[in-house]
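Below is one structure, written out as structure tokens; comments come after it.
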Amino acid sequence: MLWLIISLVLVGLIIIWLGVSFLIGYLIWRKAIPTEDPSTYQNQPSEDPIENEFSMFIQKEQKALEKIPMEEVWIKSFDGLNLHAYYREADSKTTKTIISVHGWHGSALSTAPQFSHWLVNFNYNILFIDLRSYGKSQGKYTGYGALDSKDLLKWINYIVERLDGEAEIALFGISMGGNTVGSVADKVPIQVKCIIDDCGFISPWEEFKHLLLTKIHMPVYFLYFSNIINRLIAKYDFKENNTLETFKRSRVPVLFIHGTKDDFVPTAHSTANHEACTSEKEIHLFERVPHARSYFENQEEYRKIVLNFLAKHL
């Protein structure tokens with residue numbers, strides 16, 4: 001009888017612990033995956049003058065970018081969502097096209113000033129895409145590259161068809177967009193000539209693990225429950241698009257860029273990706289630069305590095 005009582009108590013405690021674990025896992029999932037209203041995080045005032053300077057720079061450059069004539073284009077995602085992008089045609093006819101892929105809490109034009117907007121001054125066609133659930137694209141859940149990489153392949157096909165198969169494409173992504181472009185390094189068609197990955201993470205799992213340990217100070221244990229919930233609701237696994245694996249089979253040259261003071265996506269993600277990459281590759285680390293600000297803090301050098309890489313491969 002005593003053993004029965006002990007067994008029932010233990011079973012009860014296990015059920016309670018699993019319930020608490022799923023609850024915490026859900027709260028983590030709820031914070032990370034459903035895409036938030038941009039008004040809750042964009043252009044928020046800060047007590048840090050450098051943050052405010054950065055925000056003002058982004059707003060100024062975005063307004064200038066929005067004044068440039070662009071065509072709005074749409075495609076269907078692999079799972080039926082309407083995906084949106086802005087197409088900027090080069091001043092002189094060319095097949096050289098850059099697909100710009102923004103990061104978390106961004107959109108096609110609001111994030112471009114952090115890495116790609118200045119390329120409108122050169123003779124490239126540029127497709128600024130809104131990732132699913134951002135900008136004008138449909139969706140409820142942030143894809144963290146896992147879903148976005150599948151969407152990117154659709155955008156690549158759009159450009160290939162638009163240019164009658166003659167396209168020469170460079171993929172240029174930052175942060176979550178960096179993971180997105182890296183995730184297709186082993187799948188791109190022959191029209192994709194190179195990839196630029198600015199501060200991309202290895203996988204959603206590795207990024208969330210880092211944030212849990214360093215920002216929230218919680219054990220990784222709860223992330224397993226978040227992942228179960230995500231697989232049921234958002235239909236992807238946090239571990240499924242690991243760029244360490246895709247870069248081992250990379251078909252094109254890759255340029256890696258990262259700041260050494262990045263505490264959001266650790267610099268080690270890019271150095272590990274660079275080491276894993278088996279195609280032609282370069283890496284440039286900007287000293288004392290935080291997350292996604294390599295262009296902002298080193299504009300002339302950043303432009304030179306990117307233009308040299310594009311001139312060589314595109």
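Positions are given from 1 along the sequence.
Judged purely by distance below 3.5 Å, without hydrogens or angles, the side chains of Thr142 and Thr35 pair a donor atom with an acceptor atom. A donor-acceptor pair shorter than 3.5 Å can be found between the side chains of Asn82 and Lys76. For the 3.5 Å distance criterion, the side chains of Ser116 and Tyr295 fail to qualify, holding no donor opposite an acceptor. In summary, the side chains of Thr95 and Glu168 do present a donor paired with an acceptor at a separation below 3.5 Å, with no hydrogens or angles considered.
The nearest pair of heavy atoms linking Ile174 to Cys199 is CG1-SG, 3.8 Å. Residue Ile33 comes nearest to Ala234 through the heavy atom pair CG2-CB, 4.2 Å, listed as atom of the first residue, atom of the second, then distance. A pairwise comparison of heavy atoms in Asn123 and Ala90 identifies OD1-CB, 3.5 Å as the closest pair. Residues Phe128 and Val120 approach most closely at CZ-CG1, 3.9 Å, considering heavy atoms. Nearest heavy atom pair, residue Asn179 against residue Gly145, reads OD1-CA, 3.4 Å. Residues Ile229 and Gly25 share a closest heavy-atom pair of CD1-C, 3.9 Å.
Within the 4.5 Å cutoff, the side chain of Ile156 has heavy atoms near those of the Pro189 side chain. Between Ile169 and Trp155 the shortest side-chain heavy-atom distance does not fall below 4.5 Å. When side chains are defined from C-beta on, Glu89 counts as touching Asn125, because their heavy atoms get closer than 4.5 Å. Taking the side chain as every heavy atom from C-beta outward, Phe296 and Ile58 never approach each other to under 4.5 Å.
In this structure, Phe286 CZ and Thr260 OG1 are separated by 10.5 Å, a value rounded to the nearest 0.5 Å. Interatomic distance, Ile129 CD1 to Ser100 OG, rounded to the nearest 0.5 Å: 7.5 Å. Expressed to the nearest 0.5 Å, how far OG1 of Thr267 lies from CD1 of Ile257 amounts to 13.0 Å. Between Ile75 atom CD1 and Tyr158 atom OH the span is 9.0 Å, to the nearest 0.5 Å. Once rounded to the nearest 0.5 Å, the distance linking CG of Leu212 with CE of Met218 reads 6.5 Å. Taking OH of Tyr221 as the reference point, atom OG of Ser226 lies at 11.5 Å (rounded to 0.5 Å).
By the rule that hydrophobic residues join a cluster once side-chain heavy atoms approach within less than 4.5 Å of another member, Leu255 and Phe122 end up as members of one cluster. Tracing side-chain contacts under 4.5 Å through hydrophobic residues (I, L, V, M, F, W, Y), one reaches Tyr302 starting from Tyr124; they form part of the same cluster. Residue Phe225 is grouped with residue Leu213 when hydrophobic side chains (ILVMFWY) are merged at heavy-atom distances under 4.5 angstrom, including chains of intermediate members. A continuous path of hydrophobic side-chain contacts links Leu153 to Phe78 [ILVMFWY only; heavy atoms under 4.5 Å]. A chain of hydrophobic side-chain contacts below 4.5 Å, direct or via other Ile, Leu, Val, Met, Phe, Trp or Tyr residues, connects Val181 to Leu127.
Within the 3.5 Å criterion, the main-chain N or O of Val265 finds a donor-acceptor partner in the side chain of His258. Not one N or O on the side chain of Asp262 forms a donor-acceptor pair closer than 3.5 Å with the backbone of Gly259. Between the side chain of Thr180 and the main chain of Gly178, no donor-acceptor pair closer than 3.5 Å is present. Side-chain atoms of Ser203 never come within 3.5 Å of backbone atoms of Asn241 as a donor-acceptor pair (strictly under, hydrogens ignored). The backbone N or O of Lys215 lies less than 3.5 Å from no partner atom in the side chain of His210, so there is not a single donor-acceptor pair. Under the 3.5 Å distance criterion, the side-chain polar atoms of Ser137 are left unmatched by any main-chain donor or acceptor of Ser133. Counting only distance, with no hydrogens or angles, the side chain of Thr271 and the backbone of Ala268 share a donor-acceptor pair below 3.5 Å.
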Sequence neighbours left out, cut at 3.5 Å: what donor-acceptor pairs do the side chains of residues 305-314 make with other protein atoms?
{"from": "Asn308", "atom 1": "ND2", "to": "Lys304", "atom 2": "O", "distance (Å)": "3.3"}
{"from": "Lys312", "atom 1": "NZ", "to": "Glu280", "atom 2": "OE2", "distance (Å)": "3.0"}

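Salt bridge status for Glu51 with Arg293: present, with a side-chain N to carboxylate O gap under 4.0 Å.
Considering only residues two or more places apart in sequence or on other chains, Tyr141 meets the ring-ring contact (aromatic ring centres under 6.0 Å, His included) condition with Trp29. For the ring-ring contact (aromatic ring centres under 6.0 Å, His included) test, residues two or more places apart in sequence or in another chain that qualify with Phe208 are Tyr144, Phe238. Partners of Glu71 by salt bridge (charged side-chain N to carboxylate O under 4.0 Å, His left out), not counting sequence neighbours, listed by chain and number: Arg162. Listed by chain and residue number, Phe247, His274 satisfy the ring-ring contact (aromatic ring centres under 6.0 Å, His included) test with Phe256 (two or more places apart in sequence, or in another chain). Listed by chain and residue number, Asn227, Asp237 satisfy the side chain to side chain contact (heavy atoms under 4.5 Å, CB included) test with Arg231 (two or more places apart in sequence, or in another chain). For Glu61, there are no salt bridge (charged side-chain N to carboxylate O under 4.0 Å, His left out) partners at least two apart in sequence or on another chain. Take Glu245 and apply the salt bridge (charged side-chain N to carboxylate O under 4.0 Å, His left out) test, not counting sequence neighbours, and it matches Lys248. Arg251 pairs by the side-chain hydrogen bond (donor to acceptor under 3.5 Å, both in side chains) definition with nothing, not counting sequence neighbours.
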Test side chain to side chain contact (heavy atoms under 4.5 Å, CB included) on Leu65 and Met70 and set out the steps. CA-CA 10 Å; Leu65 189 60; Met70 297 190 200; 3.7 Å; yes
The test is side chain to side chain contact (heavy atoms under 4.5 Å, CB included); show your working for Phe222 and Tyr26 and say whether it passes. CA-CA 9 Å; Phe222 294 111; Tyr26 172 77; over 6 Å; no
Dump the intermediate steps for side chain to side chain contact (heavy atoms under 4.5 Å, CB included) on Ile126 and Thr97, then the final yes or no. CA-CA 6 Å; Ile126 307 181; Thr97 304; over 6 Å; no
Thr243/Thr246 under side chain to side chain contact (heavy atoms under 4.5 Å, CB included): CA gap, chis, key distance, verdict: CA-CA 5 Å; Thr243 51; Thr246 58; 3.8 Å; yes
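Among pairs with a residue in residues 183-202, none fulfils ring-ring contact (aromatic ring centres under 6.0 Å, His included), at least two apart in sequence or across chains. Pairs passing the salt bridge (charged side-chain N to carboxylate O under 4.0 Å, His left out) check and including a residue from residues 182-197, sequence neighbours excluded, read Asp186-Arg249. The stretch residues 128-145 participates, sequence neighbours left out, in these salt bridge (charged side-chain N to carboxylate O under 4.0 Å, His left out) pairs: Glu72-Lys136, Asp79-Arg132, Arg132-Asp151.
Heavy-atom contacts from other residues, nucleotides or ligands closer than 6.0 Å to CD of Gln299 number more than 12. Counting non-hydrogen atoms of other residues, nucleotides and ligands closer than 6.0 Å to CD1 of Ile190 gives a total of 12 or fewer.
Ring orientation note: the planes of Phe264 and His291 are tilted relative to one another, at an angle of 30° to 60°.
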